Amino acid sequence: MTAQSHDIFAALRDRAVAALRALLPDLPEEALARVQMEPPREAAHGDMATNAALVAGKAARQPPPRLAAALAERLAALPEVAEAAPAGPGFVNLRLREDVLRAQIPVILAAGEAYGDSAAGGGRRVNVEYVSANPTGPMHVGHCRGAVVGDALANLLAKAGWAVTKEYYVNDAGAQVQALGYAAYWRYLQALGTTMTEEEYAQLIPGGLQYRGDYLVPVGAALRERFGDSLAVPDPAHRYGMAGPDHWLAPVREFAVARMMEAIREDLAALGVVQDVFVSEAQLIREGMLERAEALLAAKGLIYRGVLEPPKGKTPEDWEPREQTLFRATQFGDEVDRPLRKSDGSGTYFANDIANHLGKIERGFDALVHVWGADHGGYVRRMRAAVAALSDGRVSFDVVLTQIVHVVKGGQPVRMSKRAGTYVTLRDLIEEVGRDAVRFTMLTRKADAQMEFDLDKVVEQSRDNPVFYVQYAHARCRSVLRQAGDPAPAALAAAPLHHLADPAELTLLRRLCAWPRLVEAAAAAREPHRIAFFLHDLAADFHVLWNRGRDDSTLRFIRGDEPEATRARLALVAATATVIRSGLAVMGVTPVEEMR
RNA sequence: GCGCCCGUAGCUCAGCUGGAUAGAGCACGCGCCUUCUAAGCGUGUGGUCGCAGGUUCGAAUCCUGCCGGGCGCGCCA
């Protein structure tokens, strides 16, 4: 059985398309491609509805209602279908034979967490780049959302049949990293026992002292251990003073970057994020990738020397027209052409990132996906233009933008001040509420919506807390199965499933059947948050069923007097637990066996 | 000034790339919870989908113009 056939919606869609072809042999393919089979909003409409007659009616110039009636007649004859009826402006509503739904339970149990895996990606290669925080300090909550969204999105694409590479682009070449070098050097001087004050030191260096957080103190100590006092000069006034930067800046910078990346990797690992590839901006430059990218664009006639117009309405005070090396981004949908070289001849950030993307393209990816903070939204078009230019439009380029997260505790916003070094680190957050709560909660909003992260709420054990609600459903499933002696999935798959006939049981079952379809839709839209909402709905269906057993003991999962019905229900419970685990795996959240 | 994102119930948000009578949680109203699986359950009220046009069988969804909020706007990354 192929992964595709796990999706009964896709299967019935194919049936509808076939029926449509039989009715209207001349129908163009693009009309057929628009045929959908989806769960209806109203349960009363049945199990599935298709718009086939609506989209075909237009192409064939026939009234959709009449076409719907003819289509319904054909679909009603299918073995899977109990009832098919035209409805509304031209829908066909289908009610499936309940056995078709029940037959998914053995499929789910056999597939395990792989249920919902799809072939939609066709094994194409996608590069998902996320986090990519500057290696200038520890991860804080601002990075966290991108990390979780990117990781879940990568998992989702993998589940949808893509060959995924998880990537981190290390910005280790720019001015920020230079500033890190100066800041680390300050901690080094301190480790040597200098009596210079921080302000005195700040006066000595270009741009002032930027990274004052004490996370660099251990780096200073490590530098001393590694280099002794060889990178400083004896100074009668302060015991040790600053040597000429040529002497020490490069090694200190590299040392500090390495330490920061080590810390970042540890923080990411604590969040359950492990990336496959770390691309160094500095190394790309050393390898001449920038020149190669530039030459490639030049060969296509996409680079020229020119002067840009000042931005309308907001001319910078120090604006003066300058001739620059420009990339013809406007040929690929951007508003203006973009500069590639700074006046000192080095590449702009954009140019370096073009080199980064050329690297990806050369590594053979079919699709490039990024997760960026919303403040980088203005950068999307030019990068898409560059990728289109470099790959001649062969490689797709998508960006998921994430909005800011406001951390709240006790109803009060938790302030972050990077300059003072007193921000909430990712590590703090994980220690406070746990990795699973962090990951789940970060996916309970659309990525581009602002989000409030309430430290009290995410650990609350109540229905209001989706993390708890979903975990509780899984724990309840496991509790039932343990009580029943943990029967093997294969044994449950053979259960007499016709005992599953209660409306609440069938509602839950329908939800389970919708999982493969949801995976494909969420992956296509690059929206991992849909998994969280699906699991919440699934958990609700399960809790409803559980609660009904309280009012009506004949609906309890385990009934001593009805061993056959019990086996059927255990199969349903096991399938539910399986789908929850399948979804949590995409989110990177560990399912719990019991609530404590 | 220009570009991008957003505007859905009192609040926080979904809405499956154009489908049928727009959903969920909280809050609020009512009922239930001494014994079963209650870190509660059920049920109800609540909407001019920012405004105004347009596209079509059909619009919260697409287009145009306003209003309001966020982000960005030549050598920061």
Side-chain angles (χ1 to χ4, degrees), chain A residues 34 36 38-42 44-45 49 51 54-55 57-58 63-65 87-91 93 132-134 136 171 173-177 281 307-316 318-322 324-326 334-353 373-381 401 403-404 444-446 448-452 454 460-466 468-469 472 476 479-480 483 514 517-518 520-522 524-525 527 529-530 532-534 536-537 540 543-544 546-553 555-558 595:
Chain A
R34 292 184 54 212
Q36 295 177 9
E38 52 189 9
R41 220 177 286 255
E42 295 282 323
H45 291 150
N51 63 349
L54 286 162
V55 301
K58 189 167 191 179
F91 287 99
N93 290 332
S132 299
N134 287 341
T136 53
N171 297 132
Q176 304 294 325
V177 168
E281 182 182 8
V307 180
L308 288 177
E309 297 281 310
K312 290 198 175 61
K314 186 221 155 211
T315 307
D318 58 346
W319 177 269
E320 49 184 89
R322 288 194 195 110
Q324 295 172 299
T325 301
L326 299 168
D334 203 357
E335 296 116 35
V336 294
D337 292 337
R338 303 290 180 176
L340 296 180
R341 293 280 175 180
K342 302 180 193 177
S343 52
D344 68 358
S346 66
T348 58
Y349 179 81
F350 178 51
N352 290 349
D353 213 8
D375 55 343
H376 288 64
Y379 192 71
V380 173
R381 276 196 176 188
L401 297 177
Q403 270 289 357
I404 192 167
T444 55
R445 293 278 181 279
K446 236 177 348 192
D448 60 4
Q450 288 191 19
M451 155 152 109
E452 197 167 90
D454 190 321
E460 198 172 277
Q461 303 212 327
S462 79
R463 180 174 188 167
D464 320 349
N465 178 6
F468 172 78
Y469 195 61
Y472 193 25
R476 277 180 158 173
S479 164
V480 170
Q483 277 184 44
R517 188 176 177 279
L518 185 112
E520 279 191 17
E527 290 186 346
H529 76 277
R530 291 190 197 182
F533 283 92
F534 174 87
H536 187 267
D537 291 343
H543 288 309
V544 163
W546 176 287
N547 290 327
R548 289 205 51 200
R550 286 203 287 247
D551 302 333
D552 178 354
S553 63
L555 281 174
R556 296 183 59 162
F557 297 115
I558 299 174
M595 308 307 293

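So you know, we letter chains A, B, ... as the sequences are listed, proteins then strands, and number each from 1. Because only heavy atoms are used, hydrogens play no part in the values below, and waters and symmetry mates are left out as well, while side chains stay in. In this text, all values refer to a predicted model and were calculated from it rather than measured experimentally.
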| field | A:Glu335 CD to B:G72 P, straight-line distance once rounded to whole Å | value | 16 Å

| request: Evaluate side-chain contact (heavy atoms from CB on, under 4.5 Å) for A:Gln483 paired with A:Val480, printing each intermediate quantity in order. | output: CA-CA 5 Å; A:Gln483 277 184 44; A:Val480 170; 5.8 Å; no

| message | Give me the distance, rounded to whole Å, that separates B:G47 from B:C5 when you measure between the P atoms they each carry. | response | 31 Å

| request: Identify, with sequence neighbours excluded, every residue that meets salt bridge (charged side-chain N to carboxylate O under 4.0 Å, His left out) alongside A:Asp448. | output: none

| message | Distance check, C1' atoms only: B:A39 and B:U43, in whole angstrom units. | response | 23 Å

| Nearest-angstrom distance, P atom, B:C4 to B:C66 | 13 Å

| field | Integer-rounded Å distance: B:A77 C1' and A:Tyr349 OH | value | 6 Å

| remark: Under the rule of Watson-Crick or G-U wobble with both distances under 3.5 Å, where | means paired to another strand and [ ] a crossing pair, RNA chain B maps to (((((.(..((((.....[...)))).(((((.......))))).....(((((..]....)))))).)))))....

| message | By the 4.0 Å heavy-atom rule, please label A:Leu54 as base, sugar-phosphate, or nothing. | response | base

| query | So what does A:Ala49 touch, heavy atoms closer than 4.0 Å: a base, only the sugar-phosphate, or nothing? | reply | base

| Same-atom distance (C1') from B:A52 to B:G46, integer angstrom | 26 Å

| Can you name the side chain to side chain donor-acceptor pair (under 3.5 Å) partners of A:Arg341, sequence neighbours left out? | A:Glu294

| Which of parallel (below 30°), tilted (30 to 60°) and perpendicular (above 60°) describes A:Tyr379 and A:Phe350? | perpendicular

| query | How long is the gap from CD on A:Gln403 to CG on A:Asp375, to the nearest 0.5 Å? | reply | 9.0 Å

| query | When you check every protein heavy atom under 4.0 Å of nucleotides 35-43 of chain B, what one-letter string (B, S, -) results, 5' to 3'? | reply | -SBBBSSS-

| message | So if I take every side-chain heavy atom of A:Glu281 and compare against B:C57, B:A77, B:G72, which nucleotide ends up nearest? | response | B:A77

| field | A:His543 side chain to A:Tyr472 backbone, donor-acceptor under 3.5 Å | value | no

| Has A:Tyr379 got its ring stacked on the base of B:G72, with centres under 5.5 Å and planes less than 30° apart? | no

| query | Which whole number of Å gives the distance between the C1' atom of B:G15 and that of B:G53? | reply | 25 Å

| request: Could you grab the distance from atom CG of A:Asp454 to atom CD of A:Glu460, nearest 0.5 Å is fine? | output: 8.0 Å

| task | Give the intermediate values and the outcome of side-chain contact (heavy atoms from CB on, under 4.5 Å) for residues A:Phe534 and A:Arg530. | result | CA-CA 6 Å; A:Phe534 174 87; A:Arg530 291 190 197 182; over 6 Å; no

| Contact pattern, 5' to 3', of nucleotides 7-18 of chain B - B, S or - by protein heavy atom under 4.0 Å | -----SSSSBB-

| task | Write down the distance separating the P atoms in B:U61 and B:A22, rounded off to the nearest Å. | result | 14 Å

| query | Can A:His45 be called stacked on B:A20 when the rule is centres closer than 5.5 Å and an angle between planes below 30°? | reply | yes

| query | Any luck finding a side-chain donor-acceptor pair between A:Gln176 and A:Asn134 under 3.5 Å? | reply | no

| side chain to side chain contact (heavy atoms under 4.5 Å, CB included), paired with A:Leu326, selected from A:Val336, A:Val307, A:Leu308, A:Leu340 | A:Leu308

| request: To the nearest Å, give me how far apart CD (A:Glu309) and P (B:G1) are. | output: 19 Å

| remark: Rounded to the nearest 0.5 angstrom, the CD-OG distance for A:Glu281 and A:Ser132 is 10.5 Å

| request: Establish whether the base of B:A20 is bridged to the side chain of A:Asn93 by a donor-acceptor pair shorter than 3.5 Å. | output: yes

| Which value, rounded to the nearest 0.5 Å, describes the distance between A:Lys342 atom NZ and A:Gln324 atom CD? | 12.5 Å

| query | For A:Asn352 and B:A77, what is the distance between atoms CG and P respectively, to the nearest whole Å? | reply | 8 Å

| Integer angstrom distance from the P of B:C51 to that of B:C33 | 45 Å

| task | Considering only atom P, compute the distance from B:U37 to B:U21 and round it to an integer number of Å. | result | 44 Å

| field | Results of salt bridge (charged side-chain N to carboxylate O under 4.0 Å, His left out) for A:Arg548 - residues two or more places apart only | value | A:Asp502

| task | Name the closest nucleotide to the A:Arg381 side chain, picking from B:A77, B:A20, B:C4. | result | B:C4

| request: Round to a whole Å and report the spacing from CG of A:Leu401 to P of B:C4. | output: 13 Å

| Rounded interatomic separation in angstrom, taking CD1 from A:Ile404 and C1' from B:G70 | 10 Å

| said: Considering every strand and a 4.0 Å limit on heavy-atom distances, what is the contact class for A:Pro64: base, sugar-phosphate, or nothing? | reply: nothing

| request: When you get a sec, tell me which of B:G74, B:A24, B:A77 is the closest nucleotide to the side chain of A:Asn171? | output: B:A77

| request: Measure the spacing between NE2 of A:His536 and CG of A:Asn465 and express it to the nearest 0.5 Å. | output: 9.0 Å

| said: Nearest whole Å is fine: how far is B:G3 C1' from A:Asp334 CG? | reply: 10 Å

| query | Looking across every strand, which nucleic acid part, if any, lies under 4.0 Å from A:Ala374 by heavy atom: base, sugar-phosphate, or nothing? | reply | sugar-phosphate

| remark: Whole-Å distance, A:Lys342 NZ to B:A77 C1', equals 9 Å

